[in-house]
Asks: 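I am attaching a structure below and will ask some questions about it afterwards.
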Amino acid sequence: MARDNLQGPLSGKRIVFAFGGGIAAYKACHALRLFVHEGAEVRAAMTAAATRFVTPLTVQALSGGPVLTEVLEPSQEAQYGHLDLVRGADLVVIAPATANLIGAVRAGLGGDAVTTTLLAARCPVLLAPAMNVAMWANEIVQQNVEALRAIGRYHFVGPASGLLADGDVGAGRLAEPEEILEAARSLLAPRDLAGRRLVITAGPTREHLDPVRFLSNPSTGRMGYAVAVAARERGARVTLVTGPVELPAPSGVEVVRVVSAAEMLEATLRVVEGADAFIASAAVADQRPVVRAAQKVKKQPGTEDLLLERTPDILATVSARYSSRQERPVLVGFAAETERVEAHAREKLERKGLDLVVANDVSAPGSGFGTDTNQVLLVAAGGTDRLPLQSKRAVAGAVLDRVVALLGS
Ligand code: C5P
């Protein structure tokens, strides 16, 4: 079926999305939609109870394919049997995973479309539990969860704590759709950066004139944070040196918060020693006021002069530090340009002594500051690759593919 989704980080991945029967099934529909949007090929199965909360037609419309709801039903088995469903699957996601379903999975029971499908699955299984607080706390449910975890192929995301549909407060809410997606990405990621340490800069810097005013730029940090999360998923130890952004700290990543270019340089030099790669995605302010007033500067009538000086170039400083050494990290720079993108990127590659420059035309639609997508050129000594317009997550994956290749060479 033709899809309008982006070429995403889950392109080519086959996901079986299985619905259990709980009110959170409506929220699971959104999670399924996210998988489709990320480019995954999604096939769906539902328990009979699940079909009472959302209709198979809804799930079919979202997944773009038939939905398995019955076993031993000749018309369904003929076109889309439970064994076909998981053949070649990379991951089974069960959301919401009810107490009943978790128990059945643990006991190895079949009998409905979901459990029978699972019995035939060999791939990892991600369960997103959702149930009443007391049911989640029940010792048998907890034993079932522990027993499944111990197998190694069964993984859990959530449940979250909060107000539940039944009015109780506590653990039992389905994990947010984005968290389910994130957990799946983690399980599907290659572990090709295991044992590696990456230092990444992200976000803007602020260069203060006085305590309440600064020079900066609209960088949101999304590109650098996406690289950090993707690198962690691929097994790297990641230190993220970040300017002021609104994004939450990614879990499993060491985050060092800074404000100015000078602080970013200082923090970077402190952590970069021994790193396997340094990825400078920060939009460092190029100039700073020569004088930073200790108190708020009073406004004056008429025009005023502001004397600026250059900030330190963090990437060039790191590169220069290693110029005479044999062992040096792979050095990756970013270039935001509005014209002659490749020429400027190549000039940067050479001038700063880099292995790779990720260049984008920030004036192009869907690229640059504040968007979720980017269209980039990967510029290296050996040539230039033009990547399609894709999510920043997917761009991060492509950049890390190149880092892995550079580390191996
Ligand atoms: O020279 P330009 O600012 O275009 O270079 C961009 C690249 O250099 C980015 O990777 C950016 O993170 C890095 N950079 C830096 N310190 C600066 C300016 C840029 O690390 N002061």
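Hydrogens, waters and symmetry mates play no part in the numbers below; they use all other heavy atoms, side chains included. Each ligand, and each atom within it, is numbered from 1 in the order the structure gives. Just so it is clear, the model here is predicted, and its values are computed rather than measured.
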Asks: Ligand 1 and L315, any nitrogen or oxygen pair closer than 3.5 angstrom?
Replies: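 The answer is yes, given that L315 and ligand 1 share an N or O pair closer than 3.5 Å.
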Asks: Using a 4.5 Å cut-off on heavy atoms from C-beta on, say whether the side chain of L308 contacts that of L215.
Replies: yes
Asks: Please determine whether side chain to side chain contact (heavy atoms under 4.5 Å, CB included) holds for the pair T117 and V92, giving the CA-CA distance in whole Å, both sets of side-chain angles, and the decisive distance to 0.1 Å.
Replies: CA-CA 9 Å; T117 295; V92 178; 5.6 Å; no
Asks: Give the residue, atom name and distance (to 0.1 Å) of the protein heavy atom nearest atom 4 (O) of ligand 1.
Replies: K348 NZ, 2.4 Å
Asks: Regarding E254 and T239, is there a side-chain donor-to-acceptor distance under 3.5 Å anywhere?
Replies: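 Yes.
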Asks: What do we get for P312 next to ligand 1 when only non-hydrogen atoms under 4.0 Å count, side chain, backbone, both or neither?
Replies: backbone
Asks: Would you kindly say whether T205 and E207 are connected by a side-chain donor-acceptor distance under 3.5 Å?
Replies: yes
Asks: Hey, is ligand 1 close enough to T201 that some N/O pair sits below 3.5 Å?
Replies: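 No, there is no polar N/O contact under 3.5 Å.
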Asks: Taking the ring of F19 and the ring of F17, is the distance between their centroids below 6.0 Å?
Replies: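 So the answer is yes for these two rings.
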Asks: Polar-atom distance check: A335 versus ligand 1, any N or O pair below 3.5 Å?
Replies: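 In this structure, A335 places no N or O atom under 3.5 Å from an N or O of ligand 1.
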Asks: Checking a contact table here: which protein heavy atom is nearest atom 10 (O) of ligand 1, and how many Å away?
Replies: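 It is A280 O, 2.5 Å.
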Asks: How far is atom 18 (C) of ligand 1 from its nearest protein heavy atom, and which residue and atom is that?
Replies: V284 CB, 3.8 Å
Asks: Nearest protein heavy-atom contact for atom 9 (C) of ligand 1: which residue, which atom, what distance?
Replies: F334 O, 3.0 Å
Asks: Considering only the protein, which heavy-atom contact is closest to atom 16 (N) of ligand 1, and what is its distance?
Replies: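 Of the protein heavy atoms, I314 N, 3.0 Å lies nearest.
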Asks: Quick one: does E337 get an N or O within less than 3.5 Å of an N or O on ligand 1?
Replies: no
Asks: Do me a favour and list the nearest non-hydrogen protein atom to atom 12 (O) of ligand 1 with residue, atom name and distance?
Replies: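 Its nearest protein heavy-atom neighbour is A282 O, 2.7 Å.
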Asks: Establish, from distance only, whether the side-chain atoms of T384 and R346 form a donor-acceptor pair under 3.5 Å.
Replies: yes
Asks: For A285, is there any backbone N or O sitting under 3.5 Å from a side-chain donor or acceptor partner on T311?
Replies: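 Side chain of T311 to backbone of A285: a pair is present.
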Asks: What are the two closest heavy atoms between R206 and S216, and how far apart are they?
Replies: CG-OG, 4.0 Å
Asks: Looking only at protein heavy atoms, identify the closest one to atom 5 (O) of ligand 1 and say how far it is in Å.
Replies: K352 NZ, 3.0 Å
Asks: Looking at P329 and A275, what are the two nearest heavy atoms and their distance?
Replies: CB-O, 3.4 Å
Asks: Identify which one of K13, R393, R185, R33 satisfies the side chain to side chain donor-acceptor pair (under 3.5 Å) criterion when paired with E38.
Replies: R185
Asks: Quick one: does M264 get within less than 4.0 Å of ligand 1, heavy atoms only?
Replies: no
Asks: How far is atom 3 (O) of ligand 1 from its nearest protein heavy atom, and which residue and atom is that?
Replies: D286 OD1, 4.0 Å
Asks: Mind checking whether G333 has an N or O less than 3.5 Å away from an N or O of ligand 1?
Replies: no
Asks: For T311, take its heavy atoms, then give the atoms of ligand 1 lying under 4.0 Å from any of them.
Replies: 21 (N)
